[in-house]
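Just so we're on the same page: letters track the sequence lines, and every chain starts at 1.
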There are 2 protein chains.
Amino acid sequence: MGVKTVVTIREVARAAEVSIATVSRVFNDSASVTAETSRRVRAAAQRLDYWPHTGARSLTTSRTHAIGVLLPDLFGEFFSEVIRGIDHGARAEQLQILVSSSHAHTDDIVAAARSLRGRIDGLIAMVPEKGSSARVRQIARRFPVVLLNPRQRVEGCASVAISNFDGAFAVVQHLIAIGHYEIAILKGPDGNVDAEERLRGYQEALAAAGLRPRPALEIDGDFTESAGYRGGAALLAGPTRPTAVFACNDYMAIGLLGALNDAGVDVPGDMAVAGFDDIAMARYVSPPLTTVHVDAYELGERAARALISRLQAPQGTRPENAVLPATLVVRSSCGSSQVVAADAREGFTSSRRSRSFRS
Amino acid sequence: MGVKTVVTIREVARAAEVSIATVSRVFNDSASVTAETSRRVRAAAQRLDYWPHTGARSLTTSRTHAIGVLLPDLFGEFFSEVIRGIDHGARAEQLQILVSSSHAHTDDIVAAARSLRGRIDGLIAMVPEKGSSARVRQIARRFPVVLLNPRQRVEGCASVAISNFDGAFAVVQHLIAIGHYEIAILKGPDGNVDAEERLRGYQEALAAAGLRPRPALEIDGDFTESAGYRGGAALLAGPTRPTAVFACNDYMAIGLLGALNDAGVDVPGDMAVAGFDDIAMARYVSPPLTTVHVDAYELGERAARALISRLQAPQGTRPENAVLPATLVVRSSCGSSQVVAADAREGFTSSRRSRSFRS
DNA sequence: TTGTATGCGTTATCAT
DNA sequence: ATGATAACGCATACAA
């Protein structure tokens with residue numbers, strides 16, 4: 001009572017009248033142990049309520065059966081799904097996951113990785129800053145690393161990315177296809193990889209259709225709902241009012257929807273709106289949002305699997321670099337009547353998103 | 001290249017021409033070390049790119065600076081916010097967090113806790129099953145435990161809970177106050193603590209208002225959107241159509257909204273609908289959902305703080321048992337014109353929920 | 001099949 | 001102020 005009893009392998013050995021080596025063997029059912037001694041050992045362990053010390057074990061085996069996960073943030077559906085995917089992928093191999101967030105800067109990430117030395121077998125990390133290759137390689141010398149959505153591939157690191165460019169290209173192409181040619185963009189924050197790639201997709205889609213870029217229609221944003229609202233107000237007040245707006249993420253699209261609604265602008269009648277990410281509520285806003293679906297769960301699961309395969313692969317195996325598709329999801333916020341609406345497939349009875357909220 | 005170099009404290013000692021004890025002292029800036037030797041050691045460590053082995057360190061100090069988090073699931077906003085809260089609370093004390101999910105059954109939880117022995121200093125767990133006290137105490141003998149929303153208090157364990165009962169009571173009381181007396185409930189899954197408490201709150205609110213219970217208006221559900229849809233269909237087909245429905249969570253309320261919409265039933269004109277949880281999209285559905293706000297983030301943060309205080313407290317200190325309020329959030333799905341709508345405070349320019357989705 | 005002894009990488013207790 | 005050296009709890013090579 002109150003005092004934490006610490007039963008070690010030694011007391012079990014004494015109680016079972018064997019050596020600690022034998023107890024160890026029983027618990028790792030490694031070598032040959034008599035059924036009788038095994039029984040005695042297990043009985044003693046049970047009686048003493050012995051819990052093996054995983055930390056000590058991994059010191060000798062140099063295997064922790066844990067992987068580290070370093071993310072810039074934990075806020076929102078995206079990161080939560082990434083973690084869920086990793087957790088699921090890791091569970092298959094009985095790996096524990098050690099998460100740590102608020103690591104936006106590369107130095108932070110290296111420091112965090114450092115503090116993980118000796119407690120993880122490998123690392124999954126999202127490192128958003130430019131020019132981080134050298135320091136990432138420094139981490140990769142210590143343990144296998146899988147990069148999430150890396151800015152560029154790093155030698156010796158596996159990676160799993162989402163094709164932001166293709167997704168943005170597809171959504172803008174869609175807007176053009178249904179007749180728009182004055183298309184604005186609500187940009188993401190400066191320095192953000194995803195934001196940059198989405199902007200590039202927008203620009204190239206315009207170029208591919210022979211439309212010239214319009215700097216006045218490239219509005220600054222930072223992925224927040226309020227930035228979307230402000231961006232909408234700015235567009236309405238500006239000299240040239242676009243007929244369509246591509247918001248670089250759904251939160252901004254939702255804010256934009258709010259601004260347009262407040263201003264009495266009909267969507268999609270007067271203006272088409274598209275987002276990116278396909279967050280859960282994208283279907284529920286009014287009108288339901290045309291957007292680009294990003295499978296964060298799969299991103300995580302694939303990363304976990306990639307890491308596992310690197311943990312098991314012999315030295316020198318080439319790391320894999322996967323890219324997941326980002327697919328256009330047409331709903332009604334762009335009013336494309338000629339395309340079959342995705343919502344037709346999303347009845348309430350479908351299993352999509354219908355899992356329990358709290359178990 | 002390819003070969004993972006393992007620099008230990010020993011090589012640093014050799015390179016700096018000191019003993020390993022001195023190197024250790026430098027890195028823990030514990031005892032007195034000459035500025036000169038300290039410099040030499042740090043230089044050597046830097047040159048060799050020495051990363052201390054946290055695992056080995058915690059074997060001698062018997063402190064891991066990590067805490068375990070055991071949850072039944074990682075799906076959805078609730079758990080994700082709990083983790084974010086824990087992460088934030090833990091960061092203040094430089095604690096890493098080791099999360100593991102899919103632990104719904106008590107045996108699972110004990111097994112998981114067991115496998116964490118030696119790698120964590122304490123544990124935050126949600127253990128939903130009944131009759132688990134004895135086994136939870138078994139865990140608590142090993143390290144400090146904080147329970148999330150426990151079925152009952154467990155001797156020696158701290159806990160943080162959400163007052164499901166009060167929240168449900170308040171929302172039903174609200175429905176009664178605005179004139180409803182035929183109030184149905186969409187229940188949560190059998191055996192779920194939250195579901196049971198919310199049902200109890202509903203029943204007692206009716207009783208407190210002198211309304212008699214109507215078993216026909218207690219509809220089975222399982223916290224999924226599709227259950228909400230089916231429940232709505234069942235209510236419309238039933239003998240007595242209620243004028244208001246309290247769904248035990250927001251997902252079911254949203255499904256219900258869908259069913260009513262499909263059937264041409266106006267909300268709140270023909271029927272009032274209320275939910276529970278106040279998930280992010282509750283404001284965005286149409287009509288915006290009156291619900292009960294649950295602060296999952298705070299639940300997590302408080303749990304982390306409670307654990308930290310137990311880690312630092314002397315043996316025998318009484319663990320704290322906190323209960324967080326669940327507060328009514330009135331929007332328009334119940335049509336209570338006499339109450340000031342919460343949305344008036346929720347403009348797009350407010351800071352609520354306006355943080356970045358992806359960093 | 002079982003026991004003895006060494007080592008994993010560190011901290012901590014002694015000396016000096 | 002610094003250096004030997006014994007733990008920490010376990011796995012394992014080797015011996016018996």
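Sorted by residue number, the members of residues 36-49 of chain B with any non-hydrogen atom under 4.0 Å from DNA chain D read Thr37(B).
Note on Asp107(A) versus Arg135(A): salt bridge recorded, some NZ/NE/NH1/NH2 to OD/OE distance being below 4.0 Å. For the pair Asp194(A) and Arg151(A), the salt-bridge criterion is not met [side-chain N within less than 4.0 Å of a carboxylate O].
Taking the side chain of Ala56(A) as heavy atoms from C-beta on, and the options dG9(D), dG9(C), dA12(C), the nearest nucleotide is dG9(D). When the nucleotides dG3(D), dA11(D), dG9(C) are ranked by their closest atom to the side chain of Val18(B), dG3(D) comes out on top. The listed nucleotides are dT11(C), dA11(D), dC10(D); the one nearest the side chain of Ile20(B) is dT11(C). Counting only heavy atoms from C-beta on, Arg10(B) has its side chain closest to dT10(C) among dC10(D), dT10(C), dG3(C).
Residue Arg14(B) contributes atom CZ, which lies 12 Å from atom P of dG9(C) at whole-angstrom precision. Here dG9(D) presents its P atom at 16 Å from CZ of Arg63(B), a figure rounded to the nearest Å. Ile9(B) has its CD1 atom 14 Å from the P atom of dA4(D), to the nearest Å. If you measure from atom CZ of Arg57(B) to atom C1' of dA7(D), you get 17 Å, rounded to the nearest angstrom. We find that CZ of Arg25(B) is positioned 15 Å from P of dT10(C), with the value rounded to whole Å. Going from atom CZ of Arg119(B) over to atom C1' of dT10(C) covers 17 Å, rounded to whole Å. When the P atom of dA13(D) is taken as reference, atom CG of Asn28(A) falls 12 Å away, rounded to whole Å. One atom, CD of Glu17(B), and another, P of dA4(D), lie 13 Å apart when rounded to the nearest Å.
With hydrogens and angles left out, the side chain of Arg117(A) and the base of dG9(C) share no donor-acceptor pair within 3.5 Å.
Of the possible polar contacts, one joining the His103(A) side chain to the Ser101(A) backbone as a donor-acceptor pair under 3.5 Å is found. At distances below 3.5 Å, not a single donor-acceptor pair connects side-chain atoms of Thr54(A) with backbone N or O atoms of Arg119(B).
Tyr50(A) comes within 4.0 angstrom of sugar-phosphate atoms only, judged by non-hydrogen atoms across all strands, and of no base. As judged by a 4.0 angstrom heavy-atom cut-off over every strand, Thr61(A) is placed among residues touching the sugar-phosphate backbone only.
Heavy atoms from other residues, nucleotides or ligands lying under 6.0 Å from CD of Glu17(B) number 12 at most.
Between Thr60(B) and Thr22(A), the one whose closest nucleotide on DNA chain C sits nearer the 5' end is Thr22(A). Heavy-atom distances to DNA chain D give each of Ala21(A) and Leu59(A) a nearest nucleotide, and the one nearer the 5′ end belongs to Leu59(A).
In the model, Ser115(A) has a side-chain atom that pairs as donor or acceptor with a side-chain atom of Gln96(B) under 3.5 Å. A donor atom on one side chain and an acceptor atom on the other are found under 3.5 Å apart for His105(B) and Glu129(B).
Phosphate proximity of dG9(D) to Thr8(A): absent, as no side-chain N or O sits under 4.0 Å from OP1 or OP2. Between Ser32(A) and the phosphate of dT1(C), there is a side-chain N or O to OP1/OP2 separation shorter than 4.0 Å.
Scanning all heavy atoms of the two residues, the minimum distance from Phe27(B) to Ala45(B) falls at CZ-CB, 3.6 Å.
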